[in-house]
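Contents: one structure, followed by commentary.
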Protein chains: 2
Amino acid sequence: MADNERADLGAMVMRLGRRLVAMEQPILERHGVTMWAYVVLTALRDGPARAQASLAAAINADKTRLIPVLDDLQKRGLIEREPDPADRRVRLLGLTPEGRRLQQAVQAEIRAAEEVMLSKIKDQAAFVRALGELSA
Amino acid sequence: MADNERADLGAMVMRLGRRLVAMEQPILERHGVTMWAYVVLTALRDGPARAQASLAAAINADKTRLIPVLDDLQKRGLIEREPDPADRRVRLLGLTPEGRRLQQAVQAEIRAAEEVMLSKIKDQAAFVRALGELSA
DNA sequence: GCTTATCATCTACATGCGCTTACGATTCCG
DNA sequence: CGGAATCGTAAGCGCATGTAGATGATAAGC
């Protein structure tokens, strides 16, 4: 297929996205976390505790939709939620050791599955780097 | 960032997907077509006329959701819909010259915007090829 | 000190979509 | 020939999500 005959990037990216979701879903279920929960744990993995509003913006989530996800993670001891002493309107979120462990376990399995998928192509590192640049 | 510190493929692909949709939306609006309409026109661009059920499967759409999209495209003279003489249960869909023209005009603009986006990376052809292989 | 704004939370509405069921017309199969 | 299946279409249910508005607590600004 000539270059001008390839599919739209959008079409290819959407198909790949669906495939990745299908790949991740069993891993997430095995660990008992939803996709949103995993996204939250991953976002909280690095850096210091952060506010709910800041987290919602970072992961492109509606803040009102985040409330029950955070409630559940907190209840399961995976995150902690504390008022910011500097501004008691704000709740600061951080991972507990258990939350960090779970996030790392899930991510390790996702990585392994990604490696299998990526093994279909050559120059995997270049592809991933380019994907990172385009999605930054 | 080391390899084991990169974001999940899923996260990067979802972000790229949102970016591509945001890029395409104004182009589609300018031409007065919805995303689904454009997907249909593109799917019908090549090959002979095809059945509605076959089209729905090809573009990953619910066949009952496709009815109004096809109704509108037909009404606007962009596709034609005719009973298959070999099996009158089936309606065969094809592009009209006008539909083909519109699809090509939209796709040309999308391609141009994609080129701008891709210009951020090196080895663009390799990236697109790899993306094609992973999403096939 | 009072007004405005922000944070988190709750509730509700609207939209899109996956899925299911049902129907009439038509075809297939035993 | 009759029953089962398919196609396209219509209608509806349920879920997910974006969005808006309201609330109490708290903070900022004049």
Exercise. Mind calculating the distance between NZ (A:Lys63) and C1' (C:dT9) to the nearest angstrom?
Key: 10 Å

Practice problem: Please state how far atom CG in A:Asn60 lies from atom C1' in D:dA16, giving the value in whole angstrom units. | Solution: 15 Å

Quiz prompt | Earlier contact from the 5' end, DNA chain D, for A:Arg89 and A:Ala61 | solution = A:Ala61

Quiz item: Is any NZ, NE, NH1 or NH2 atom of the basic residue among A:Arg89 and A:Asp84 found under 4.0 Å from an Asp or Glu carboxylate oxygen of the other?
Solution: no

Quiz item: Is the distance from OP1 or OP2 of D:dA16 to the nearest side-chain N or O of A:Trp36 less than 4.0 Å?
Solution: no

Practice problem: State plainly whether the residues B:Glu98 and B:Arg76 are in salt-bridge range, i.e. N to O under 4.0 Å. | Solution: no

Quiz item: Do you know which two heavy atoms are closest between A:Arg19 and B:Leu134, and how far apart they sit?
Solution: NH1-O, 2.9 Å

Practice problem: Grab the CD-P distance between B:Glu82 and D:dC7 for me, whole Å please. | Solution: 19 Å

Quiz item: Should A:Arg65 be listed as having a side-chain N or O under 4.0 Å from OP1 or OP2 of C:dT9?
Solution: no

Quiz item: Side chain of B:Asp87: nearest nucleotide among C:dT27, D:dT19, D:dT9?
Solution: C:dT27

Quiz prompt | Short side-chain N/O contact to D:dT9 OP1/OP2 from B:Arg81, under 4.0 Å | solution = yes

Self-check item: For atom CD1 of B:Ile67 and atom P of C:dC23, their distance in whole Å
Solution: 18 Å

Exercise. Rounded to the nearest angstrom, tell me the gap between atom CG in A:Leu93 and atom C1' in C:dC7.
Key: 12 Å

Practice problem: Under 4.0 Å between any heavy atoms, over every strand shown, what does A:Asp62 touch: base, sugar-phosphate, or nothing? Just pick one. | Solution: base

Exercise. Please state whether the phosphate of D:dA27, meaning OP1 or OP2, lies under 4.0 angstrom from any side-chain nitrogen or oxygen of A:Arg88.
Key: yes

Quiz item: Atom CG in B:Leu28, atom CD in B:Glu109: separation rounded to 0.5 Å?
Solution: 9.5 Å

Quiz item: Is the distance from OP1 or OP2 of C:dT9 to the nearest side-chain N or O of A:Arg91 less than 4.0 Å?
Solution: yes

Quiz item: If we only count heavy atoms from C-beta on, is the B:Met117 to B:Leu20 side-chain gap below 4.5 Å?
Solution: yes

Quiz prompt | Value in whole Å for how far the C1' atom of C:dC17 lies from CE of B:Met35 | solution = 15 Å

Quiz prompt | Whole-Å gap separating P (C:dT9) and CG (A:Leu70) | solution = 7 Å

Self-check item: d(CG, B:Asp84; C1', C:dT26) in whole Å
Solution: 12 Å

